[in-house]
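Data block below; observations after.
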There are 2 protein chains.
Amino acid sequence: MAHHAPTLDEVAREAGVSRSTASRAINGGNRVSPAAQAAVDAAIAHLGFVPNRAARALATSQTGSIALVIPEPDDKFLSDPFLLGVLRGVSGALSGTETQLVLLINHANQPEGQMSRYLRAGHVDGAIITSPHAGDHLEDDLRGMRNVVFIGRPFRSEGIAYVDVDNVEGGRLATRTLLDAGRTRIGTISGPTDMTAGLDRLQGFTDALGAVDLPTDAVESGDFTAAGAEAATHRLLDRRPDLDALFVASDSMAVGVRIALADRGLRVPEDVALVGFDNLGAATAMTPRLTTVDNPLVEMVDAATRRLLARLGSGEDVGENLVLPPTLVPGSSDR
Amino acid sequence: MAHHAPTLDEVAREAGVSRSTASRAINGGNRVSPAAQAAVDAAIAHLGFVPNRAARALATSQTGSIALVIPEPDDKFLSDPFLLGVLRGVSGALSGTETQLVLLINHANQPEGQMSRYLRAGHVDGAIITSPHAGDHLEDDLRGMRNVVFIGRPFRSEGIAYVDVDNVEGGRLATRTLLDAGRTRIGTISGPTDMTAGLDRLQGFTDALGAVDLPTDAVESGDFTAAGAEAATHRLLDRRPDLDALFVASDSMAVGVRIALADRGLRVPEDVALVGFDNLGAATAMTPRLTTVDNPLVEMVDAATRRLLARLGSGEDVGENLVLPPTLVPGSSDR
DNA sequence: CTGTTAGCGCATTCAC
DNA sequence: GTGAATGCGCTAACAG
């Protein structure tokens, strides 16, 4: 245990300069002579100096950390690939940065406005908010705050910066793939209706079928879990046993759909063709390999983080919200 | 945005007391009169005062935050239920606490000793370290530091505080379940050999079979992923097509095992009985539902976090390392 | 380009 | 039980 963490004072003394010069040398080296810079660098290396974050934060009133707000862990939490992708994206964008990542679990029953108070209290410089649900206080509490970026489009997006994948286009893409494979009796296991991602993907499904004058009523909504999708599939097939294809709004749900189909003795893709959505790991683990729509989640989050950092740094907005295009990932479940 | 975050000074002034009294009132209220206490409380509520973490950290040289160190995101990262369980455990232990959680991604190629330097620099008060691998610098870098707790027993545990599940006993439990079901040609898809969890579960397998004089050589090691396990299962069955039961060292791997068995036309449990390990979500999603060993991960991590907090608070060690007992979770894959 | 001078907001001696 | 004084380690004017 070091008896004493080296301080800027000691660095300055060892380098033979004043504290201010040492400080400038550390922060970008503006207006410091090469000689002084070198001396300070040497002293830092020699002493193993690491700036004290608390002191720096106090002086600059910037914490050097951002928060990642994630929804309360519930039963589906334990197998949610979404969160892992988010982590990976933030982590990538922050690597090489001095910025710290503070994790904030957004408990559902926590006092309204607590989150925005936390941000306003200045405990962190900014925040990334994941998976907004309808009725979430967060969306309204945080509207207009410029140090906040949402992952996924919120329900009312005015005054909210966000990045998202084009879920409508993704839903279209998936459904067209089924059409191109020659299927005509197409249904969907949609996502939850209290999330824009669920709604948008369903919209894409409806668009694609409507464009070719096919019925769009074979819909049952799941909850982005395998178990929920399994039940939804049974409900749907009870009603419409003639379906020859399904667009499943998430790969996790496709696992449940496969089970339901197997229970009914239906083969994939011979009897029922399948196209999923996400490509976050589950698709490649299925047999036959699931044809799916790639959700560029990691890139999305990476972009969101960089955008937040830019907003914090320059103070100026980077402009438009970012909506990334989805792409089809071929498998053997669609034809 | 508030023009000005309220400071302790203002609280003191509004309450008609000195800064020191206000400070005491806030921190436990020792040696402050009921009248003063009430006045301060009122002022705090009125002003919406929130103590500035940076200032407090600077004054106390305690940051009020702990780090959670997780391994670098690789390809299996995106579908690892382990990490989610850890998050859930830490989150639970920290809720109701003022302590912040800082996420640290431990990049494999990061300079040796960086992590321990980070801790010694005092950026956080302590750390929770997840899933130690053999050859990890971390284990040696952090040995002896009393503000660190590991999740999962490290290879050399001297000088390292950790909590773990009894993986050996878990492996025994799983294997005995298979024996009790009348199986006699039992193999295992083990975990990676560079993790104590993998090694220990295999040890339990060997113990249980050795105790009844059955051969223990039907072993192939997976990597805790479904794809890896699928390949391992084929290797094992190529060599030992007569097996009538498998202990699979993780539920994620069991998914791959099921695929491999299906490919070979083997039914579960009629032809091959299966017992997994973890019960972190995958088991209940399988059909037939996987019989598995419950890994009390969330409780483990919760305990680890509380232990860390205790160590930081009182300065005294809480004593022994904690090793939680695993329990069997019945399914219909074992008989 | 450099050093001197002030705080940032809080906890904590120490006398009273 | 209370208040005055001091310092945590750093950055940011300011005058030189």
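The structure presented is a predicted model; accordingly, all values stated were derived computationally and were not measured.
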### Message
Quick one: does any side-chain atom of B/R53 pair with a main-chain N or O of B/G64 as donor and acceptor, under 3.5 Å?
### Response
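Yes.
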### Task
Taking A/R311 for its side chain and A/R146 for its backbone only, find out whether a donor-acceptor pair lies under 3.5 Å.
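Yes, because the side chain of A/R311 sits within donor-acceptor range (under 3.5 Å) of the backbone of A/R146.
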Rounded to whole angstroms, how far apart are [atom1] on [X] and [atom2] on [N]?
X: B/D9; N: D/dT6; atom1: CG; atom2: P; result: 16 Å
X: A/R19; N: C/dT4; atom1: CZ; atom2: P; result: 10 Å
X: A/I44; N: D/dC10; atom1: CD1; atom2: P; result: 10 Å
X: B/H123; N: D/dC10; atom1: NE2; atom2: P; result: 10 Å
X: B/R13; N: D/dA4; atom1: CZ; atom2: P; result: 13 Å

#### Entry: Strand DNA chain D in bracket notation, Watson-Crick/G-U under 3.5 Å with | for pairs to another chain
|||||||||||.||||
### Query
Does any N or O donor sit under 3.5 Å from an N or O acceptor when you compare the side chain of B/S20 with the base of D/dA4?
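Check passes, donor-acceptor contact within cut-off.
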### Message
OP1 or OP2 of D/dA12 versus the side-chain N and O atoms of A/S23: is any pair under 4.0 Å?
### Response
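No, A/S23 has no side-chain N/O under 4.0 Å of OP1/OP2 on D/dA12.
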### Message
If the cut-off is 4.0 Å, is B/T7 near the phosphate of C/dC10, judged by side-chain N/O to OP1 or OP2?
### Response
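Looking at the OP1 and OP2 atoms of C/dC10, one of them is under 4.0 Å from a side-chain N or O of B/T7.
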### Query
For the residue pair B/L309 and B/A93, what are the closest heavy atoms and their distance?
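Heavy-atom minimum between the residues: CD2-O, 4.5 Å.
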### Task
Mind listing the closest non-hydrogen atom pair of A/T63 and A/D125 along with its distance?
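Here A/T63 and A/D125 meet closest at N-OD1, 2.8 Å.
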#### Entry: Flag for B/R120-B/N147: side-chain donor and acceptor within less than 3.5 Å
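On atom types as modelled, these side chains do not qualify, holding no pair under 3.5 Å.
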### Query
Under 3.5 Å, is there a donor-acceptor pair between the A/H46 and A/E14 side chains?
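Per modelled atom types, A/H46 and A/E14 side chains form a pair under 3.5 Å.
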Heavy-atom side-chain proximity of [X] to [Y] below 4.5 angstrom:
X: B/V102; Y: B/I66; value: no
X: A/V165; Y: A/L297; value: no
X: A/V40; Y: A/V32; value: no
X: B/E10; Y: B/L47; value: yes

### Task
Using a heavy-atom cut-off of under 4.0 Å over every strand shown, decide if B/L8 touches base, sugar-phosphate, or nothing.
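Sugar-phosphate only.
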### Task
Might you confirm whether atom CD of B/E98 has over 12 heavy atoms from other residues, nucleotides or ligands at distances under 6.0 Å?
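Count not over threshold, so no.
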### Task
With a 4.0 Å heavy-atom cut-off, tell me which residues in residues 24-39 of chain B come close to DNA chain C, sorted by residue number.
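B/N27, B/R31, in order of number.
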#### Entry: Contacting residues from residues 50-60 of chain A, given that a heavy atom lies under 4.0 angstrom of DNA chain C
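Residues of residues 50-60 of chain A that come under 4.0 Å of DNA chain C are, in numerical order, A/L58, A/A59.
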